[in-house]
Student: 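Could you have a look at this structure, given as structure tokens, before my questions?
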Amino acid sequence: MTIRTRFAPSPTGQVHIGNLRVAIYNWLFARHAGGKFLLRMEDTDRERSTPEAVQAVLDAMTWLGLEPDESPVYQSQRRQAHLEAAEQLLSKGLAYKEDKGGTGRGEAVLFRMPGSAMTFHDEIKGDLHKQAKDMKDFVIVRSDGAPVFHLANVVDDIFMNVSHVIRGDDHIENTFRHIALYQALNAPVPKFAHLPMIVNAQGKPYAKRDGDAFVGDFREKGYLSEALLNYLALLGWSPGEDREMMTRDEMIRLFTLDRVQSGAAQFDPKKFEWMNGEHMRALPKEVHREKYLAAIPNAGDDPAYLDAVIDVMQERVKKWPDIPGMAGFFFTEDYPYDEKAVTKRLRREGALDLLAALKEAYTSLDPFNAETTESALRELADARGAKPADLIHPVRIAVSGIPHGPSLFHMLEVLGKARVVRRIDRTLERFG
RNA sequence: GUCCCCAUCGUCUAGAGGCCUAGGACAUCGGGUUUUCAUCCCGAAAACAGGGGUUCGAGUCCCCUUGGGGACGCCA
């Protein structure tokens, strides 16, 4: 049997991370099995399913690299097929017309449930049962002639030859209805796998209010798509052997439904942030280079200098938007001074005097590198009866403006003598 | 209310009856490095929801309780 899965979102403007995870699992499962991953827009809600909303889904898929193997199917264009299926059921007596509830709106088409208990095997949850008395007939075509979700969903899955329906477990109840529909339509019943939901800290479904609920939020904040993919895949699935950091190919190779968790999982922004940082540092230097070029106007002036900066910064940058704030000072003489750091380190008794002396020592220092800048600084501190820290902190603020960053002496080496001396000088003038 | 699903450290999880003195990761705390920290290294604390079975033996199987969640639309 050919494995075919599909992601069938209803385009509403933004892609929720819960839905994205459903897409990821469908994609991983299909890729692992060498099958096809398909996309279907359930865009029958004319109000919300705007072209922009559809585009948002497509963009999210592209960003994550979840490209479907066949062109997307648009449910809104399959209305005829849905209606024909309803006619077929009507003619076979498997459906009937009724003004349900006596609304006066006219007659809707209702599907007749078989009237016997049902059981199906869920690939994640195991055997699921439902008694006949707990299943009621349901509307498949509204009185205004519009097909209802259940009908459209099943008819389209049949049309697309979907072999495995992998979706959120809020669809478990629907599955009994859907299976009955497949059977009534004389179509092979696919396998089902119901994934648990992603919940917030309160155990409630992760919603917009919880923040960062949409794919776009992560993209805008400069996170890596491969990190989001990795993290979301791991939220409810584990390859075992304590593996966590994975490339997409590793995930594809390792993914199986039987290792998917059946309980809900909570999204942990802290762990995601950490994982993003890990992916960042694993990235080729070339990618960092491009981001610096895009984020900082004159980063490309001196390629060798840029590479040296990246060498000391790559392991510290956790996401792209960090670059200007964390490394901007390397590329401009007009970097801002952190107020608190200035107060604490430069406005101390004697700090500027020491700094002035250090400038003199550095001016004649040759060669100027991590080792020599360190020993020169220590010697000076010693000669002045000061602690190295009394000098280390002020220099850092003087040359970078901020109280944190790479190891000081490596940073000085990268900046080079000319910049360091000039910056100390200017700092002395400014705060002296 | 009815039906359904779920349940291992704070969080994500490993665990297919003896390999569990319950392992890893994030977070937390402590120590070290860097005399910066939003880096790195080391260490610690931290869980099988409760109760009954089954079994020589249960985190692992069964039942009940409790707790959480979902579904009960002419929404998707």
Side-chain angles (χ1 to χ4, degrees), chain A residues 8-12 42-45 47-49 75 98-101 103 105-110 122 124-126 128-131 133-136 138-150 152-153 168-177 194 196-197 199 201-205 231 234-245 258-259 261-275 277-278 281 312-318 322 325-326 341 345 374 377-378 381 387-393 395-397 400 402-411:
Chain A
S10 129
T12 57
E42 304 218 325
D43 57 347
T44 52
D45 183 336
E47 299 276 302
R48 294 187 297 176
S49 297
Q75 189 158 73
E98 182 185 299
D99 179 4
K100 191 176 168 230
T103 59
R105 273 184 285 177
E107 293 192 315
V109 178
L110 278 83
D122 187 278
I124 293 172
K125 308 268 188 186
L128 268 20
H129 318 273
K130 197 84 173 171
Q131 300 207 305
K133 67 176 173 60
D134 296 320
M135 296 183 283
K136 293 183 296 188
F138 59 97
V139 174
I140 53 177
V141 180
R142 284 189 273 273
S143 52
D144 66 2
V148 167
F149 161 72
H150 302 292
N153 188 272
D169 66 7
D170 49 333
H171 280 295
I172 287 182
E173 309 280 334
N174 290 336
T175 302
F176 294 97
R177 298 188 176 114
H194 289 94
M197 327 205 78
V199 298
Q202 285 72 241
K204 305 284 185 190
Y231 182 75
L234 236 32
L235 207 54
W237 168 72
S238 158
E241 294 176 0
D242 301 330
R243 296 278 332 247
E244 292 203 311
M245 289 293 298
D258 60 320
R259 295 195 65 94
Q261 207 75 11
S262 42
Q266 196 175 311
F267 186 93
D268 181 358
K270 289 270 184 46
K271 183 158 186 174
F272 170 66
E273 181 100 11
W274 164 80
M275 183 165 273
E278 291 295 303
R281 84 169 49 177
V312 296
M313 292 305 296
Q314 179 156 2
E315 67 176 29
R316 316 179 69 89
V317 174
K318 290 262 190 273
D322 290 344
M326 288 176 81
R345 304 300 188 183
E374 175 163 11
L377 182 146
R378 286 179 189 284
K387 287 183 295 183
D390 295 336
L391 226 25
I392 284 172
H393 297 293
V395 196
R396 178 182 290 284
I397 306 307
S400 75
I402 48 180
H404 50 253
S407 161
L408 177 68
F409 302 108
H410 291 285
M411 185 168 98

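Remember, predicted model here, so these are calculated numbers, not experimental data. To find a chain, count down the sequence lines: A is the first, B the second, and so on, and within it residues start at 1.
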Student: Is A/Asp170 side chain donor-acceptor paired with the B/rC5 base, going by distance under 3.5 Å alone?
Tutor: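 Under the 3.5 Å cut-off, the side chain and the base do not form any donor-acceptor pair.
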Student: For A/Pro406, report the nucleic acid contact type (base, sugar-phosphate, nothing); a contact means any heavy atom under 4.0 Å.
Tutor: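 Base, at least one base heavy atom under 4.0 Å.
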Student: Any base atoms under 4.0 Å from A/Lys387, or only sugar-phosphate, or nothing? Heavy atoms, all strands.
Tutor: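 The answer is nothing, as A/Lys387 stays clear of every strand by at least 4.0 Å.
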Student: Name all residues meeting the ring pair (Phe, Tyr, Trp, His ring centres under 6.0 Å) criterion together with A/His410; count only those two or more places apart in sequence or in a different chain, and write none if there are none.
Tutor: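 Residues passing ring pair (Phe, Tyr, Trp, His ring centres under 6.0 Å) with A/His410: none at all.
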Student: Just to be sure I understand the rule, does A/Lys125 reach a base, reach only the sugar-phosphate, or reach nothing, if contact means heavy atoms closer than 4.0 Å?
Tutor: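 A/Lys125: backbone/sugar contact only, no base atoms under 4.0 Å.
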Student: Looking for any heavy atom pair under 4.0 Å, which part of the strands does A/Asn174 touch: base, sugar-phosphate only, or nothing?
Tutor: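 Touches a base.
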Student: Assign A/Gly405 to base, sugar-phosphate, or nothing according to its heavy-atom contacts below 4.0 angstrom with the strands shown.
Tutor: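 Result for A/Gly405 = base.
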Student: Select base, sugar-phosphate, or nothing to describe what A/Ser407 touches, counting heavy atoms under 4.0 Å on all strands.
Tutor: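 It contacts base atoms.
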Student: Looking at side-chain heavy atoms only, is the closest gap between A/Met135 and A/Arg177 below 4.5 Å?
Tutor: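 When only atoms from C-beta onward are counted, A/Arg177 and A/Met135 do not touch, as no gap falls below 4.5 Å.
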Student: Are A/Val312 and A/Met411 close enough that some pair of their side-chain heavy atoms sits under 4.5 Å apart?
Tutor: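 A/Val312 does not reach A/Met411 side chain to side chain.
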Student: Rounded off to whole Å, could you give me the CZ-to-C1' distance for the A/Phe149 and B/rC72 pair?
Tutor: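 Rounded to whole Å, this separation is 15 Å.
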Student: Tell me whether the OP1 or OP2 atom of B/rA76 has a side-chain N or O from A/Arg142 closer than 4.0 Å.
Tutor: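 So the side chain of A/Arg142 is within the cut-off, an N or O lying under 4.0 Å from OP1 or OP2 of B/rA76.
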Student: Just call it for A/Asp390: base, sugar-phosphate, or nothing, with non-hydrogen atoms closer than 4.0 Å on any strand.
Tutor: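 Here A/Asp390 touches no strand at all.
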Student: For A/Glu374, report the nucleic acid contact type (base, sugar-phosphate, nothing); a contact means any heavy atom under 4.0 Å.
Tutor: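 Counting heavy atoms under 4.0 Å across all strands, the contact made by A/Glu374 is with sugar-phosphate only.
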Student: Any strand is fair game: report the nucleotide pairing with B/rG1 by Watson-Crick or G-U wobble, both distances under 3.5 Å, or none.
Tutor: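 B/rC72 - that is the nucleotide pairing with B/rG1, both distances being under 3.5 Å.
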Student: Evaluate the ring planes of A/Phe267 and A/Phe272, with Trp represented by its six-membered ring, and classify them as parallel (under 30°), tilted (30 to 60°) or perpendicular (over 60°).
Tutor: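 Taking A/Phe272 first and then A/Phe267, their aromatic rings sit tilted (interplane angle of 30° to 60°).
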Student: When we call it a touch if two heavy atoms are under 4.0 Å apart, what does A/Ser10 touch: a base, just sugar-phosphate, or nothing?
Tutor: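 A/Ser10: backbone/sugar contact only, no base atoms under 4.0 Å.
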Student: Reckon A/Glu241 touches a base, only the sugar-phosphate, or nothing at all at heavy-atom distances under 4.0 Å?
Tutor: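 Answer is nothing: A/Glu241 stays at 4.0 Å or more from every strand.
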Student: At under 4.0 Å between heavy atoms, what does A/His171 touch on the DNA or RNA strands: base, sugar-phosphate, or nothing?
Tutor: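 Since a base atom lies under 4.0 Å of A/His171, the category is base.
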Student: For A/Phe272 and B/rU13, what is the distance between atoms CZ and C1' respectively, to the nearest whole Å?
Tutor: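 That distance rounds to 18 Å.
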Student: Compare side-chain N and O positions of A/Arg259 against OP1 and OP2 of B/rA16 and report whether any pair is under 4.0 Å apart.
Tutor: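 No.
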Student: Under the ring pair (Phe, Tyr, Trp, His ring centres under 6.0 Å) rule, collect the residues that match up with A/Phe409, sequence neighbours excluded.
Tutor: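 Listed in chain order: nothing, the list is empty.
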Student: Any N or O donor-acceptor pair linking the side chain of A/Asp242 to the base of B/rG23 at under 3.5 Å?
Tutor: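 Check passes, donor-acceptor contact within cut-off.
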Student: Rounding to an integer number of Å, can you tell me how far A/Gln266 CD sits from B/rC26 C1'?
Tutor: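 Computing the A/Gln266:CD to B/rC26:C1' distance gives 12 Å.
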Student: Any donor-acceptor pair, under 3.5 Å, between the side chain of A/Lys271 and the base of B/rA25, if you only look at N and O atoms?
Tutor: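 Yes.
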Student: Is A/Gly106 touching bases, backbone alone, or none of the nucleic acid, heavy atoms closer than 4.0 Å?
Tutor: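 Result for A/Gly106 = base.
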Student: Between atom CD in A/Gln131 and atom P in B/rU2, what is the gap in whole Å?
Tutor: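 After rounding, the gap between these two atoms is 14 Å.
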Student: Check every strand shown and say whether A/Ile402 touches a base, only sugar-phosphate, or nothing at a heavy-atom separation below 4.0 Å.
Tutor: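 A/Ile402: no heavy atom of the nucleic acid under 4.0 Å.
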Student: Between B/rC6 and A/Ser262, counting only base atoms on the nucleotide and side-chain atoms on the residue, is there a donor-acceptor pair under 3.5 Å?
Tutor: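 By the distance-only test, no, there is no pair.
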Student: Determine the contact category for A/Phe409: base if any of its heavy atoms lies under 4.0 Å from a base atom, sugar-phosphate if only primed atoms, P, OP1 or OP2 are that close, otherwise nothing.
Tutor: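 Sugar-phosphate only.
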Student: Any side-chain N or O of A/Arg281 below 4.0 angstrom from OP1/OP2 of B/rU39?
Tutor: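 Negative; the distance criterion is not met.
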